[in-house]
There are 2 protein chains.
Amino acid sequence: MKEVKRRNTRQRNVVLSVLKNTHSHPDAEWIYQEARKIIPNLSLGTVYRNLKILKDQGKIIEIKSEFSPSARYDAEVSPHGHFHCTTCDSIIDVHGVRSGDFIDETVLKGVGKVASFQVVFYGTCASCLSRNS
Amino acid sequence: MKEVKRRNTRQRNVVLSVLKNTHSHPDAEWIYQEARKIIPNLSLGTVYRNLKILKDQGKIIEIKSEFSPSARYDAEVSPHGHFHCTTCDSIIDVHGVRSGDFIDETVLKGVGKVASFQVVFYGTCASCLSRNS
DNA sequence: GTAATTGCAAAAGATTTGCCCCATT
DNA sequence: AATGGGGCAAATCTTTTGCAATTAC
């Protein structure tokens, strides 16, 4: 993506604020539906374009999961992991991920220079466990 | 996916052996092209179907990266992480990564029951670093 | 013989892009 | 006024699926 002077648009602000107001790690379609409640004639393409820009700017995180066909997004950008429940499809934040040791190790092993990382756990979340017990 | 008695087909064997013979973490299309050298009339749909079956059987791993539009595959199934070089697009194995090293198990216990996990580092690999220095 | 599997092609789903008009700076 | 951004729709890319024919067991 080329370096351009970004303008301050209502659409981009709404996309970001919708994402900041949820912990559900939604996909583009969900964000689109929510944002439409505020800007009814918003288009899905604009949502995708802005998600990419916001990701580039480091204001949001994109989550790629083996169990989700579409990318999921998160406005919490401090380093943390995710737990994807394969039963109810919800994604839960996992704080306290000790990435430092691993990044060091990776660097030490001569693999390369780490810029960021993603950790996703798969399994059954606590709610689903108790629901089926 | 329903439980069925799996048959031993040439197509599935070839897909698996193609993947076992590389460390490049290829996508379905690459596997398809390689496998076609052995079974010329193989179809891409069959490759996708078999990748899904092999994953279900735990014989291969699927890697979802923020920087790859298509899923990548790995026939090395022992728990390990990956490093995706955002310069040359190669994916490198990072061994010695265990979930317990990443996150306090007790924290994870409260979230749910973990069945598997995925760790992907993003950055610039050693080859690309030296090439551009 | 029976049911799983394949090849083919169409379909589906997710994301990107061209174009022209509008809005921000 | 200049140009980034939006809406819309078409296009692209990846993956899935229906179906009739084939193959493994």
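Remember, predicted model here, so these are calculated numbers, not experimental data. Atom set for the values below is all heavy atoms of this structure, side chains included, hydrogens, waters and symmetry mates excluded. By convention in this document, chain letters (A, B, ...) are assigned in the order of the sequence lines, proteins followed by strands, and residues within each chain are numbered from 1.
- Sequence order on DNA chain D of the closest nucleotides to R7(A) and G45(B) puts R7(A) first from the 5' end.
- In this structure, K55(A) atom NZ and dT15(C) atom P are separated by 11 Å, rounded to whole Å.
- Rounded to an integer number of Å, the gap from NZ of K64(B) to C1' of dT15(D) is 10 Å.
- Within the 4.5 Å cutoff, the side chain of L19(A) has heavy atoms near those of the P26(A) side chain.
- At the phosphate of dT6(C), OP1 or OP2 sits under 4.0 Å from a side-chain N or O atom of N50(B).
- Of the candidates dA24(D), dA14(C), dG5(D), the closest approach to any side-chain atom of T9(A) belongs to dG5(D).
- An OP1 or OP2 oxygen of dC8(C) is reached within less than 4.0 angstrom by no side-chain nitrogen or oxygen of S43(B).
- Of the candidate nucleotides dG6(D), dA4(C), dT15(C), dT15(C) has the atom nearest to the side chain of L44(A).
- Counting only heavy atoms from C-beta on, S70(B) has its side chain closest to dT14(D) among dG4(D), dA24(D), dT14(D).
- Taking 4.0 angstrom as the limit, Q11(A) places none of its side-chain polar atoms (N or O) nearer than this to OP1 or OP2 of dA23(C).
- Each of P69(A) and T46(B) lies near DNA chain C, and the nucleotide nearest T46(B) is the one positioned closer to the 5' end.
- Ring orientation note: the planes of H25(B) and H82(B) are nearly perpendicular, at an angle over 60° on the 30°/60° scale.
- In this model, the phosphate group of dT15(C) is not approached by any side-chain N or O of K52(A) to a distance below 4.0 Å at OP1 or OP2.
- In the region residues 27-42 of chain B, proximity to DNA chain C at under 4.0 angstrom, judged on heavy atoms, holds for N41(B), L42(B).
- The distance between atom CG of L54(B) and atom C1' of dT15(D), rounded to the nearest whole Å, is 16 Å.
- Side-chain N/O atoms of S116(A) and Q118(A) include no donor and acceptor closer than 3.5 Å.
- A donor-acceptor contact under 3.5 angstrom links the side chains of D89(A) and H84(A), judged on distance only.
- Of the candidates dG18(C), dT15(D), dT16(C), dT15(D) carries the atom nearest the Y48(B) side chain, counting heavy atoms from C-beta on.
- Atom CZ of R6(A) is separated from atom P of dT25(C) by 13 Å (rounded to the nearest Å).
- Side chain of R12(A) to main chain of R7(A): a donor-acceptor pair is present (N/O by atom type, distance under 3.5 Å, no hydrogens or angles).
- Minimum atom distance to the side chain of R49(A) is reached by dT17(C), of the listed dT17(C), dT6(C), dT3(D).
- Hydrophobic clustering (ILVMFWY, side-chain heavy atoms < 4.5 Å, transitive): I63(B) and I91(A) are in distinct clusters.
- Between the CZ atom of F67(B) and the P atom of dT16(C) there is a distance of 13 Å, given to the nearest Å.
- In this structure, K59(A) fails the cation-pi test against Y73(A), since its NZ or CZ atom is not both closer than 6.0 Å to the six-membered ring centre and inside 45 degrees of the ring normal.
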**Message:** Set out, in order, the CA-CA distance, both residues' side-chain angles and the distance that settles side-chain contact (heavy atoms from CB on, under 4.5 Å) for V15(B) and I60(B), then state yes or no.
**Reply:** CA-CA 11 Å; V15(B) 165; I60(B) 66 171; over 6 Å; no

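- Atom CG of N8(B) and atom C1' of dA3(C) are 16 Å apart (whole Å).
- As a whole-Å value, the separation of E3(B) CD from dA3(C) P is 17 Å.
- Residue R12(B) places at least one side-chain N or O closer than 4.0 Å to OP1 or OP2 of dT5(C).
- The CG atom of L51(B) sits 11 Å away from the P atom of dT6(C) (whole-angstrom rounding).
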